Amino acid sequence: MMKTNLILWLAGMMCFIVLLISCTKDLDQFPSVETTSEQVYTSVEGYQSVLAKLYASFAVAGNGRGDDDPDMAGTTASWGYLRVYFNLQEIPTDEVIYTWAGGDNLVEIQFMNWGASDTWVNAMYYRIYYTIAICNEFLRNVTDEKLAAFAEADQVAIREFAAEARFLRALAYSHAMDLYGNVPFVTEQDVVGAFFPPRITRPELFRYLEGELSEIAELLPTGPQHAYGRVSREAAWALLAKNYLNAQIYTGEARYGDCLDYCQKIIDAGYVLQEDYKKLFNADNDQRTEEIIFAIQADVAHTSTWGATTYLVNGPIVGSMKAEDYGVLSGWNSFRTLREFVGIFNAADTRGDFWTDGQTLNIDDPSSSSQGYSIVKFTNLKDDGTFVTDEGMVSTDFPMIRLADVYLMYAESVVRGGGGDLQQALNLVNQIRHRAFGSDEGEISTAQLTLDFILDERGRELFWEATRRTDLIRFGRFTGDNYLWQWKGGVVDGRATDAKFNLYPIPVTDMAANPNLIQNTGY
């Protein structure tokens, strides 16, 4: 397993400092250098240790307990990738109302009023490019010349590691494409030295990722052949499918047929739904390999962080909720959900596990943790109800890609006219709903399988899995006035918001430092 804390620091990290110098004048954002490539890239074990760091970059913000010994300096050093990604994907939507918005500088994200100097917008951008930079450096050390000194079997292993690194870079670039649109572009082919990274447009980046992931998929093993937590062929297919599902937003051209094709490949690969929905989100969810295709791993002993799923377990524990019922020591009173999101659930749907005791449905004051229902998704409980924690840190993995999402992508692509089999789409959706209701009560008919239904079903099934912003944008409901929820735009009953907020801005520091960049419209 790639659960990691004792990680060898990457060689050649000065190249990342150069990247940040060329991309930003905020020189507080830089990693440390503690070893050299001559020490690291001399054995399969050395390469594997660096690969572990690439995976860990999505989970933890540093190399010590609770994100100590941070990867980057500055005020956002302790904010790891997954925590920031969750905030940008969920907090501006109908799924989350955040208590401490002012103190954590999240108020502008909550109320969809951010600008190019926003702390969280910048933190996500630099986290993405930190991961891209360390992936690039790893790949610079997987050349024919470098590997010539290794035995043939070791070369095969290291080249497989390289395919994994390419996937992780593609995942980070996919997030950059979705969140920021037109962005700087650097690969391992770029020389190490001071230069202005070129700007790649969203459609160009989409085409690059399409080719990259298609090639990577042929190099990766299938899921059953790979260790849990490491990327597989199906993970590459699923990321392709996600990008194809949103291709009309990214490129102006619908690619639902391609989304269907890759969803079908995954369906045919033999994955099945886990019988118990709640077990997908507990401390033993690393055993749910029948459904979880790729997860960001957590472990109390080895990947201790105050972000990632520690944030998602502790954060929604509010009011009269007992922390030990969720496998931790105390609640953070951080976030609840909104009345509009509560309204999409049927009372018999077990996924809608709302905590209402002492909580009001309506929210007149976002800073009051007693306003808004809490909803339980992630826990630190093992299957037997016991738990192990370190001051509240958890061992629950985050399912970045899972089969139920693939089923819903297939159904949506069929309904949007991408082809496929309508009866199969209905069957896949009803499998999800049968699990949620525990009976046939939740099953729907063909006539009920509409786009509006699919958007709601994605909310019910995938809430707090960092898909909501992207989904609302694809359905035309994120900005504007087609869908209002409490506190959208910063007013109690919600208001129309500017379409510019469908993209986050390029940080002002990068704009000032790199003449190749063009700011997103409206910022």
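Because the structure is predicted, anything quoted here is derived from the model rather than measured.
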Taking [Y]'s backbone N and O only, do any of them form a donor-acceptor pair with [X]'s side chain (distance below 3.5 Å, no angle check)?
X      : Y      : value
Asp67  : Ala61  : yes
Lys488 : Phe478 : yes
Thr309 : Thr396 : yes
Thr450 : Phe453 : yes
Gln371 : Asp365 : yes
Arg433 : Gly442 : yes
Asn430 : Ile444 : yes
Thr251 : Ala247 : yes
Thr479 : Asn502 : no
Ser395 : Asp299 : no

Audit row: Asp178, Lys242, salt bridge (charged side-chain N to carboxylate O under 4.0 Å, His left out) steps and yes/no
CA-CA 11 Å; Asp178 183 67; Lys242 283 176 175 284; over 6 Å; no
Do we see a donor-acceptor contact under 3.5 Å between the side chains of Ser174 and Asn243?
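Looking only at side-chain atoms, Asn243 and Ser174 do form a donor-acceptor pair, the distance falling under 3.5 Å.
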Pair Gln359-Thr356, side-chain donor/acceptor within less than 3.5 Å
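Looking only at side-chain atoms, Thr356 and Gln359 do not form any donor-acceptor pair under 3.5 Å.
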Check whether NZ of the Lys or CZ of the Arg Arg336 lies under 6.0 Å from the centre of the six-membered ring of Tyr373 and within 45 degrees of that ring's axis.
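No - Arg336 does not lie over the ring of Tyr373 by the 6.0 Å and 45° rule.
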Establish, yes or no, whether the cationic atom of Lys500 lies under 6.0 Å from the six-membered ring centre of Tyr523 and within 45° of the ring axis.
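Relative to the ring axis of Tyr523, which defines the angle, Lys500 lies inside both limits.
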Can Leu88 and Val84 be said to form a side chain to side chain contact (heavy atoms under 4.5 Å, CB included), step by step?
CA-CA 6 Å; Leu88 266 59; Val84 185; 4.3 Å; yes
What verdict does the salt bridge (charged side-chain N to carboxylate O under 4.0 Å, His left out) test give for Lys278 and Asp276, after you've listed the backbone C-alpha separation in whole Å, the side-chain angles of each residue and the deciding distance to 0.1 Å?
CA-CA 6 Å; Lys278 292 182 182 297; Asp276 187 336; over 6 Å; no
Atom [atom1] in [X], atom [atom2] in [Y]: separation rounded to 0.5 Å?
X      : Y      : atom1 : atom2 : result
Ser369 : Met321 : OG    : CE    : 11.0 Å
Thr446 : Gln423 : OG1   : CD    : 5.5 Å
Tyr250 : Thr201 : OH    : OG1   : 14.0 Å
Arg468 : Glu90  : CZ    : CD    : 8.5 Å
Thr310 : Asn380 : OG1   : CG    : 7.5 Å
Arg202 : Asn246 : CZ    : CG    : 8.5 Å

Below 30° counts as parallel, above 60° as perpendicular, anything between as tilted: where do the rings of [X] and [Y] land?
X      : Y      : answer
Trp464 : Phe86  : perpendicular
Phe378 : Phe398 : parallel
Trp120 : Trp79  : parallel
Tyr98  : Phe335 : parallel
Phe58  : His175 : perpendicular

Run the salt bridge (charged side-chain N to carboxylate O under 4.0 Å, His left out) test against [X] and tell me which residues pass, sequence neighbours left out.
X      : answer
Lys377 : Glu465
Arg495 : none
Arg416 : Glu412
Asp471 : Arg458, Arg474

Run the numbers on Asp94 and Arg477 for salt bridge (charged side-chain N to carboxylate O under 4.0 Å, His left out), then give the verdict.
CA-CA 10 Å; Asp94 59 343; Arg477 309 285 177 84; over 6 Å; no
So which pairs with a foot in residues 404-436 pass ring-ring contact (aromatic ring centres under 6.0 Å, His included), sequence neighbours left out?
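Counting only pairs at least two positions apart or across chains, no ring-ring contact (aromatic ring centres under 6.0 Å, His included) contact touches residues 404-436.
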Given Asn282 and Thr379, is the side-chain hydrogen bond (donor to acceptor under 3.5 Å, both in side chains) satisfied, shown in steps?
CA-CA 5 Å; Asn282 73 4; Thr379 80; 5.5 Å; no
If you take the centroid of each ring, where Trp contributes its six-membered ring, are Tyr125 and Tyr180 closer together than 6.0 Å?
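Yes, ring centres under 6.0 Å apart.
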Close aromatic pair by centroid cut-off 6.0 Å: Tyr126 and Tyr130
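Tyr126 vs Tyr130: aromatic centres not under 6.0 Å.
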Evaluate the side-chain proximity of Val183 to Met177: yes if any heavy-atom separation is below 4.5 Å, no if none is.
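Not in contact.
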Qualifying residues under side-chain hydrogen bond (donor to acceptor under 3.5 Å, both in side chains), relative to Glu291, sequence neighbours excluded
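Result, side-chain hydrogen bond (donor to acceptor under 3.5 Å, both in side chains) vs Glu291: Arg402, Arg435.
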Go through the steps for Glu461 and Arg351 under the test salt bridge (charged side-chain N to carboxylate O under 4.0 Å, His left out), then give the verdict.
CA-CA 7 Å; Glu461 178 67 21; Arg351 296 169 299 188; 2.8 Å; yes
